[in-house]
Amino acid sequence: MLDAVHPPEPSAPAPPQVPPARTPGAQGLAIIVAVVIVAALYYGREVLMPVTLAVLLSFVLSPLVELLRRVWLGRILSVALAVVLALAIILGLGTAIGTQVAQLAKNVPQYQTTIERKIATLRDVTVKKLSDTIQSVSHEFAPAQKPAETAPAAAGGGMQTQEQKPVPVVVTEPGLSALQIGEKVLTPILNPLATTGIILVVTIFTLLQKEDLRDRAIRLFGSSDLERTTVALDDAARRLSRYFLTQLGMNTGFGVIVAVGLYFIGVPNPVLWGVLGALLRFIPYIGSWIAALLPIALAAAVAPGWSMAIWTAALYIVTEVTLGQAVEPLVYGHTTGLSPIAVIIAAIFWTWVWGPIGLIISTPLTLCLVLLGRYVEHLEFLDVLLGDRPALTPVESFYQRLLAGDPDAVEEQAERHLNDLPLSSYYDEVALKGLQLAAIDVARGALNASKVDTLKEAIKELVAELDAYEDDEPTEAEERQTVAGPTADQKGLPKASPPAGADRGDLPPEWQGEAPVLCIAGRGPLDEAASAMLAQLLGKHGLGARTVPHDAVSRSHIAGLDTGGVAMVCVSYLDISGNPAH
């Protein structure tokens, strides 16, 4: 007997499942660390700013300390003399600025009168004439209007009540005590003095403990590879010191030129504007133009005409353009190793974090971060974000430009490399390796037929455009050095000497024909481009060559292949992962 089958009773709903808490991944952890670092920089600026200035000052004074040590003055005495000299220069500049500002303040009312007179003249000449023109035009188009009737004066003037004048109320503050007066006087002075004291103390101990600090940095960042870490730290310190000294020298030269020029032009207080120009030029890109505003305005206020202001503006323009476009590229080696957009963003960031001091030292701080990224593997992202070297290698950039359908960019890249490399090295180190990447993508089906045809046409045009270049080592090759170290182009492209050209008269008879070399392309869709490059290079070295496609050597067509005068056959095959037995 079978039991009756009863439907199952509805079970109670299961409680909601709460997903377990997940630990933040690498990306979330990086964001948290970045937020913590920014918060620490912002809220700890009262301590971090003097320490950072002291470290940067130690980089500037380190060459001077080493020079004094070479004359047997000892470490302590050398550090003391270097710090005293730096302090004397800073105090001298501060005294000069204060004196010049005091002298300028005496003549401000006179300059204000001249400016007001010029503004009034401009208003009379431009604004009044413009208003008269607009009024005359409006009268031409406006309809005639009847004169408004004047309403009779209201009677009963005697009934108006005379308004009562308010009684003035004078609030007097009690006299300040001696303690309050001292607090008001000393408070603005104590803060700068305390900051200066911190900078001096940290600078002295940094210079005295230079080797110890270096050893501790080696312990933290690279104790497993002492040789590489030591070389990296020494090279970074040398580059930073050279950059700071060079920038200080360039800005000082700018200030001296401006001060002398303003003196001969007749602008008052030229020393003040020279010092401010040297200091403000530490601000990237806009510092010189900010420094030029006040002297130009003062020149307009001093002279009744505009010639002094025009000469002052011309002085700043000529000086800045000459230093920025002619002198600095020779001194710095074309670039500091920083991306221009990174310099601007860094200036905005450090200004927000540390105010005007952050704006002035933003470029040195950014350069320090780039150096860390180039020598510390885990911080390489800093070099990618802030440095000026390409994010892609030359081979990757070559292939990416081809994929993007931008043959002009490929040709520009080739022309840049051919300033430092012979044509054979460019083909070998960039073009062929880029074509190998394309061949791999074709083999795995990542590129369709139309895309492959586009790549073939772009390579064909590139080879034709580069036919004007000889395969010789450039005689005036200028390496692109940066303060922050070698670029990716310098690391990825070795200097290779081209083979010597051949003289047909010295060759065996079978090699003296028009095309003794036959270049045969493999089965790959891009192998013909490699054959074309080889034939072009052989022709530049005195060996005639001709290319044939792979179909010309197939079983059905090889009988008709013309091999007359051929002494060598070269097969070009890009797909190194395949089987070239056929």
Side-chain angles (χ1 to χ4, degrees), residues 389-390 392-403 407 409-443 455-480 486-502 515-548 550 568-578 580:
R389 66 179 184 177
L392 300 177
T393 64
V395 176
E396 294 170 342
S397 179
F398 173 85
Y399 183 39
Q400 190 276 330
R401 297 295 187 272
L402 289 178
L403 289 176
V410 177
E411 184 178 348
E412 291 176 2
Q413 182 205 43
E415 292 174 351
R416 278 198 312 271
H417 289 309
L418 289 175
N419 291 329
D420 301 328
L421 294 172
L423 184 60
S424 57
S425 295
Y426 172 73
Y427 280 158
D428 187 42
E429 299 294 336
V430 179
L432 289 179
K433 291 183 178 179
L435 291 179
Q436 286 178 351
L437 295 179
I440 293 173
D441 285 345
V442 171
L455 293 179
K456 291 170 63 176
E457 290 298 325
I459 293 297
K460 183 177 179 181
E461 294 178 4
L462 176 66
V463 174
E465 291 292 337
L466 298 184
D467 190 57
Y469 288 86
E470 297 296 331
D471 190 27
D472 296 328
E473 187 75 24
T475 56
E476 297 180 357
E478 185 180 22
E479 292 190 0
R480 183 174 174 269
T487 63
D489 292 351
Q490 291 173 308
K491 291 182 177 180
L493 298 178
K495 291 288 184 177
S497 300
V517 180
L518 181 64
C519 299
I520 301 176
R523 283 188 174 182
L526 301 175
D527 293 339
E528 292 185 20
S531 294
M533 295 177 188
L534 176 59
Q536 184 185 76
L537 292 175
L538 291 174
K540 292 182 180 299
H541 289 279
L543 291 174
R546 60 188 176 96
T547 60
V548 294
H550 182 266
M568 175 180 286
V569 174
C570 296
V571 180
S572 302
Y573 199 86
L574 288 173
D575 189 6
I576 58 177
S577 61

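Numbers for residues simply follow the sequence, beginning at 1.
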Euclidean distance, L402 CG relative to L462 CG, rounded to 0.5 Å | 7.5 Å
Verify side chain to side chain contact (heavy atoms under 4.5 Å, CB included) between V517 and C570, making sure each step is shown before the conclusion.
-> CA-CA 7 Å; V517 180; C570 296; 4.0 Å; yes
How many angstroms lie between OG in S424 and CD in E470, if you round to the nearest 0.5 Å?
-> 12.0 Å
Non-hydrogen side-chain atoms of E429 and P394 separated by less than 4.5 Å = no
Scanning both residues in full, the closest heavy-atom pair of H550 with A521 reads CB-O, 3.3 Å
SG of C519 to CE of M568: how many Å apart, nearest 0.5 Å?
-> 10.0 Å
Provide the closest heavy-atom pair for L526 versus A439 in the form atom of the first, atom of the second, distance.
-> CD1-N, 4.2 Å
Heavy-atom closest pair, residues H541 and L537 | CD2-O, 3.1 Å
Check the pair L466, L418 against side chain to side chain contact (heavy atoms under 4.5 Å, CB included), reporting the backbone distance first and the verdict last.
-> CA-CA 10 Å; L466 298 184; L418 289 175; 3.9 Å; yes
Apply side-chain hydrogen bond (donor to acceptor under 3.5 Å, both in side chains) to the pair T547 and S531, showing each step before the final yes or no.
-> CA-CA 6 Å; T547 60; S531 294; over 6 Å; no
Between atom CG of L421 and atom OH of Y426, what is the distance when rounded to the nearest 0.5 Å?
-> 10.0 Å
Stepwise side chain to side chain contact (heavy atoms under 4.5 Å, CB included) test for Q536 and L534 | CA-CA 5 Å; Q536 184 185 76; L534 176 59; over 6 Å; no
Nearest heavy-atom approach of M533 to L432 is SD-CD2, 3.8 Å
Take D467 and K540 through the test salt bridge (charged side-chain N to carboxylate O under 4.0 Å, His left out) and record every step on the way to the result.
-> CA-CA 9 Å; D467 190 57; K540 292 182 180 299; 3.8 Å; yes
To the nearest 0.5 Å, tell me how far L437 CG sits from L574 CG.
-> 10.5 Å
State, to 0.1 Å, how close G434 and V395 come at their nearest heavy-atom pair, and which atoms those are.
-> N-CG1, 3.5 Å
Could you give the distance from CG (L455) to OH (Y399), rounded to the nearest 0.5 Å?
-> 6.5 Å
Show your reasoning for whether side chain to side chain contact (heavy atoms under 4.5 Å, CB included) applies to E411 and E415.
-> CA-CA 6 Å; E411 184 178 348; E415 292 174 351; 3.5 Å; yes
Which atom pair, heavy atoms only, marks the closest approach of I459 to F398?
-> CD1-CZ, 3.6 Å
